[in-house]
Amino acid sequence: MNHWLVKSEPHKYSWQKFNEDGRTFWDGVRNYQARNNLRDMKEGDLVMFYHSNEGKEVVGVAKVVKESYQDPTTDDKNWVVVDLSPVETLKKPVTLETIKADERLKDIALVRQGRLSVMPLKAAEFDRILEIANG
DNA sequence: GCCAACGTTGGC
DNA sequence: GCCAACGTTGGC
């Protein structure tokens, strides 16, 4: 199983809204690297949900419920979406500041490659974020 | 609101 | 195919 991290601006699509919806297709990715990551997602993979701009923190865990397919919001064949559902809300959100300060997390793509919106995480990194969130 | 980082575009 | 210009993202 693989682990991922996706970003969303809360005023566009928040963790709260995601939970109200119960399921969503992850659209709007217009970057090839991010697209390739979406394509590599498999059903059951776990995905950290990060709020960019406002909050700047990992707020919850989602899972892939449907693997990539043509983005329904465009006819351009370059772009795909996946379906995600919420799994759990983190007890304590893990802020970017915390991640940068953590020896085991300071080199993840979230820090190194700030603009990428869909990125892989190692299992150890994923677990480390959960560990921090659970105190 | 500014600006750094970086991906994309287009002229040559 | 290089690289300057431009646009976008996202932290501050």
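Throughout, protein chains are lettered first and strands after them, A, B, ... in sequence-line order, and every chain is numbered starting at 1.
- Counting Ile, Leu, Val, Met, Phe, Trp and Tyr side chains that sit under 4.5 Å apart, directly or through other members, Val65(A) stands alone, with no cluster partners.
- Applying the salt bridge (charged side-chain N to carboxylate O under 4.0 Å, His left out) test to residues at least two apart or on different chains, the pairs with a partner in residues 98-111 of chain A are Asp102(A)-Arg128(A), Glu103(A)-Lys106(A).
- The outermost nucleotides of DNA chain C lying under 4.0 Å from heavy atoms of chain A, listed 5' to 3', are dG7(C) to dC12(C).
- Between Phe126(A) and His3(A), the two ring planes are tilted [angle within 30° to 60°].
- A perpendicular orientation is assigned to the rings of Trp26(A) and Phe49(A), their planes being inclined by more than 60° (bins at 30° and 60°).
- Other residues, nucleotides and ligands place no more than 12 heavy atoms under 6.0 Å from the CD atom of Gln16(A).
- For residues 37-52 of chain A, the set of pairs meeting the side chain to side chain donor-acceptor pair (under 3.5 Å) definition, not counting sequence neighbours, comprises Trp4(A)-Asp45(A).
- For the contact set between residues 98-114 of chain A and DNA chain B, defined by any heavy atom under 4.0 Å, the members are Arg112(A), Gln113(A).
- By the side-chain contact (heavy atoms from CB on, under 4.5 Å) test, Asp76(A) pairs with Thr74(A), Asn78(A), Trp79(A), sequence neighbours left out.
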